[in-house]
Each structure stands twice: as structure tokens, then as C-alpha cells.
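Structure, as C-alpha cells:
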2 protein chains.
Amino acid sequence: MPNLEELRQLVAFADLGTLSRVAEKFHISTPSVTRAMQHVEDDFAVPLFIRGKNKIELNETGKAAAEYARKLLQEAEQTVRQVRELDRRRHTVAVCSCAPAPLWELLPKLNAQRPEMTVSGSVCRNDAVLAAWQAGECDVAVLPFPVEGAKPFMRENLFVCVPPDHALAKLPKLTFATINGFNFLLRTELGFWDALCREKMPASKFLVQTDNAVFDELVNASSLPCFTTDYNKLGSYPGRVNIPLADEAAHVTFYILQK
Amino acid sequence: MPNLEELRQLVAFADLGTLSRVAEKFHISTPSVTRAMQHVEDDFAVPLFIRGKNKIELNETGKAAAEYARKLLQEAEQTVRQVRELDRRRHTVAVCSCAPAPLWELLPKLNAQRPEMTVSGSVCRNDAVLAAWQAGECDVAVLPFPVEGAKPFMRENLFVCVPPDHALAKLPKLTFATINGFNFLLRTELGFWDALCREKMPASKFLVQTDNAVFDELVNASSLPCFTTDYNKLGSYPGRVNIPLADEAAHVTFYILQK
DNA sequence: AGGCATTACGCTGGACGTAAAAATT
DNA sequence: AATTTTTACGTCCAGCGTAATGCCT
């Protein structure tokens, strides 16, 4: 049964060409490498090297052995990775949501329910959420439409958020048709909201900003409209008014899939 | 980097259920197994066991780890086998022939030409010879017909071998048609001759004997006809006469394929 | 009482590094 | 002179087995 550490040295020797360089790479002495190579040869019980007085190289069998060893080492590393990943999965609840708001509701609840588990949430596009769920890559999925086995979870309503002196602020209600054409500030990682806005407002341009702090600054500094929702605690900007969107599409029921 | 010897013990534990049985299997002490399992757990750096006061079992991750380890060990063994096989191939000339006679000629010559090599010969059916050659499983192939790259090697002629008082002994020449219907003694491992006889003499029955000594005894003890060829040194039975077969099929040119 | 896992402890063989030798460039 | 491989040698620790402990059935 070969020793994987020695096989690593064999592979390194195939790559580097001299025992000294292998020793250097692994921060060990050259005699140690010499012995390791002798040991590998003993393990395989066939000659792998052509030895000169102060020269050593792989013979044809040795070259092939190094390649086989390389493959085996990759498989060994993969084995370790798979086991660790399996353990990680046993200690985390992975939530995949189409929008951030359900995560704000869900993650604290899950954390309280399963204090020994790490709860991890991510926002993806609808199709990616569904794919992750079906592939078993997440334990909880949140989608903006019902699917087999899903339960209604919460409702989120979209608002337009503008300074009080903005033209749109005069209206008590808005529709996508009304605001189509206005340019908007948009936070990224809004998941499905992002796609919805772009679909409903094809004439608008969106200034996207990932960083939350920077986004807030931009909102305060400019008079450009942005979106907020009744779950968006971060989005209650002082000095701005929230105007509801009347469209059905702006009122979303999220459905939850749970193992 | 996991230790394969320890992984073997992990797999054995998954199969046997207790550390004592693992110790017994590998002829080592139980404390040694305990330590090995602790070491495996350290290597993977995740919990693999559920430990009671005098009880230990695999958790779900551990069970999976044992299965991954089982696979890895098989791959490690395969790696060793492949390297050894490669070395063996480097020290042997494998000859695959459709009939034994060419081997009698060829093997001594190859032995003389390459004294450092082990020469191994085997007799197979025509299709198997061709398959082995094409798969690179042999270094020399001998076939009873020409193929691309093959050179004519030798000619072998088939004789019928009967006691002098046998009915067939009266004829100076024979054909397959004449002897069809007579029952014959047949040595196995005649390769393509076997198939040829059965094809040309559908009405005959063949008494097959593998063991050469037993076959010779049978030839001496019975008056049943058998075959011999001009290369069959073993087949020159005293007290029997050899009658040539006139058919073209009884005169074979062997073609040789060599790397 | 017998079986099982684990800890304690002493021993030993194996693995390491340093030093040195011998050969090559 | 510098580089490379290998041997010699002393050191040290990882891994082994024995013995003992604690627990369960």
C-alpha cells in the first residue's frame, strides 16, 4: 500500500527533475527525498528510476507511475474534500431565495429554531433557485410563485421612493406604466425584483450599485427615484416619501419549499 | 493527506462494526485501531464517529467517508497493479499465436535474441489473436492468413496419423472428404487447427484430451486416428504412419506480426 | 463475567537532519 | 567551485503492544 506523501514527492520529481528541487519544494532534506524515492520503488516493487553516480531519472515505468500517482493524489484530495463538504452540509441550513426580504424574515427564525446549525442564505434568480432546490444543493427555497410542495410564506409590496419635491411625489399611487422611462437607482442582489423592474420598465435606465453604504449615500445625494418595499428596513430613507405601486406584479407572495 | 493503511481500517470498521474485530482482522491490538480511527478523524478534520462510553459507531459523514475511502483504496490498488503490469510488459515479449507450432519455432529464437526478456506464448483462436494484437496486448502475433504489415513466417502441413493396419493406412494420400466421418483423437490447444478440423469434418466426432501425457497414452492404446504435422515433434508416434492430407487447407502458411 | 473502547506507559523502529563522500559539470 | 545523489550516523518521535481502567450487557 503506497504512502501518499511519498507519491506527492514522486510526482514533484517527475515535474522538477531533480531530488534537490523536490526537497526544496517540500522544505525537507535531500537525503529524505532520496529515501522516499527508494521507499516508493520498494512499495511498487518494480524499478522506477535509472540511477547514475550523481544522477537519477525516471525510467518509462517511473514516468507512467508518476502520472498514475498524480491521478490517485487528485482522487485522494477529492475524497477529503467530499467528506468535509458532507460534514459542512450537516451543520448548515442553506436557504436559496429569489429576493432578499424573505431571508431577512427567515434566517433569524431558522437560527433560533436550530441554534446548532449554521444558517446560510443566498439570493439567486428564480431559475437558479429552482435548480438548486432540485439538485438538493439547498435545504430551503423561496420563490415568487407556487410550486408543488411549496407553502405561502409572506407578501411583499413594492414602493417607489422619491424626494418630496419630485414630480412623482404628487401622485397618491403609481403604476409601472407611469414610472417607465424614469431612471432609477437600483441595489444589486435584489434577485427577482431586478428582473421584474427591467421587464416592466423597458424604457428606464438603472444605475446599479452593489455596496449598501454607497447606495444609501447615492440616494441621499441625488433626487433619482429608487425602490423600497414594506420589508425594506434599510430603505426607509428620511426625507423621502414612499408611494405604493398599484400593479398586481408589485405585490408578491413568496412561497417556501422546505425539506 | 490521509494514510491509506488507516483508511483500510476505517473501511473494515464500516464492514465489521467493532474496533476489536478490525484489530483481529489486521492482527494488531485494539488500542492501535482506536488510535488509527482518531487519526483518520484528525486527517479529515470532521467528526466521523459517535462515541459512547464503551461504544463507537460511524455517524452519517463517517459512513459516507468509509465508502469514499473504499473507492480510493480500490484506485490505489489499481495504481499499483497498473505500474507492476507496465513493468512486467517491459520485461516480457508476449506472443499470441493461432497454433502451437509457430510458438515452438519462435519462442526459442526470441529467447536467444532477447535473453534479458521473458518470452511468453499463448495459443488463441484467430479472432482473439487479432484482437490482442490490435489492443496492444501482445508484441508478436501469428495468424494463418496475411494481414496488413504481416510477413510470411513458416509453413505447416497436416498429416493423419494411424496404426499401419488401419483402413486409412492403405491410401498414399488423404482428403478431408475421405476422413470425414472417422472419429479422431484431438489434442486441445491446437488453436486454429481445431476449428479447421471441425469445419472440414462435420460428420466426425472428436475425443478431446488436454493433458499431453494422457493424450500420448491414448494414441498408443487405441487405434483411433489422430493428427500430426511436420512440426509436431511430439507427434511422431512410433508404430504409426503419417499420411499427408492433399487439401489446400491442410497446408498452412503462418504470417507473423511484430512490433 | 465477558466484551468493548479508551487511557497510560514503556519500548522500538522508522524517519528526519547533519555531515561527509563521491561524482559530474 | 558548485551541484547532485547517496551513505553514515545520531536523534527523536510516532506508532506499537501490554496492562489497566471504566463501562455496558
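From a predicted model like this one, the values you see are computed outputs, not experimental measurements. So you know, we letter chains A, B, ... as the sequences are listed, proteins then strands, and number each from 1.
- Judged as a side chain to side chain donor-acceptor pair (under 3.5 Å), and not counting sequence neighbours, the contacts of B/Asn157 are B/Asp230, B/His251.
- At a threshold of 4.0 angstrom between heavy atoms, the contacts of A/Glu5 with the nucleic acid are absent.
- Heavy atoms of A/Gln38 sit under 4.0 angstrom from primed sugar atoms or phosphate atoms, though from no base atom.
- With sequence neighbours left out, the side chain to side chain contact (heavy atoms under 4.5 Å, CB included) criterion links A/Pro115 to no other residue.
- Between B/Phe192 and B/Phe254, the angle of the ring planes goes over 60°, which puts this pair in the perpendicular group of the 30/60° scheme.
- For the pair B/Val252 and B/Trp193, the tightest heavy-atom approach, listed with the atom from each and the gap, is CG2-CH2, 3.3 Å.
- Rounding to whole angstrom units, NE2 of residue A/His39 and C1' of D/dT6 are separated by 18 Å.
- Salt bridge annotation for B/Glu85-B/Arg90: absent, with no cationic side-chain nitrogen under 4.0 angstrom from a carboxylate oxygen.
- In this entry the distance linking CG of A/Asp42 with C1' of C/dA15 reads 14 Å, nearest Å.
- Under the side chain to side chain donor-acceptor pair (under 3.5 Å) criterion, B/Gln209 pairs with no residue, sequence neighbours left out.
- For the segment residues 16-26 of chain B, the set of residues with a heavy atom within less than 4.0 Å of an atom of DNA chain D is empty.
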Contact letters for nucleotides 17-25 of chain C, in which S counts primed atoms plus P, OP1 and OP2 and B counts the base, heavy atoms under 4.0 Å: BBB---BS-

Evaluation steps, salt bridge (Lys or Arg N to Asp or Glu O under 4.0 Å), between B/Glu41 and B/Arg51: CA-CA 12 Å; B/Glu41 219 172 8; B/Arg51 296 169 197 276; 2.4 Å; yes

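- Phosphate proximity of C/dA5 to B/Arg51: absent, as no side-chain N or O sits under 4.0 Å from OP1 or OP2.
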Acceptor/donor pairs from residues 16-31 of chain B side chains to any protein atom, 3.5 angstrom cut, sequence neighbours excluded:
residue, atom, partner, partner atom, Å
B/Thr18, OG1, B/Ser20, N, 3.4
B/Thr18, OG1, B/Arg21, N, 3.1
B/Arg21, NE, B/Leu16, O, 2.9
B/Arg21, NH2, B/Leu16, O, 3.1
B/Ser29, OG, B/Ser32, N, 3.4

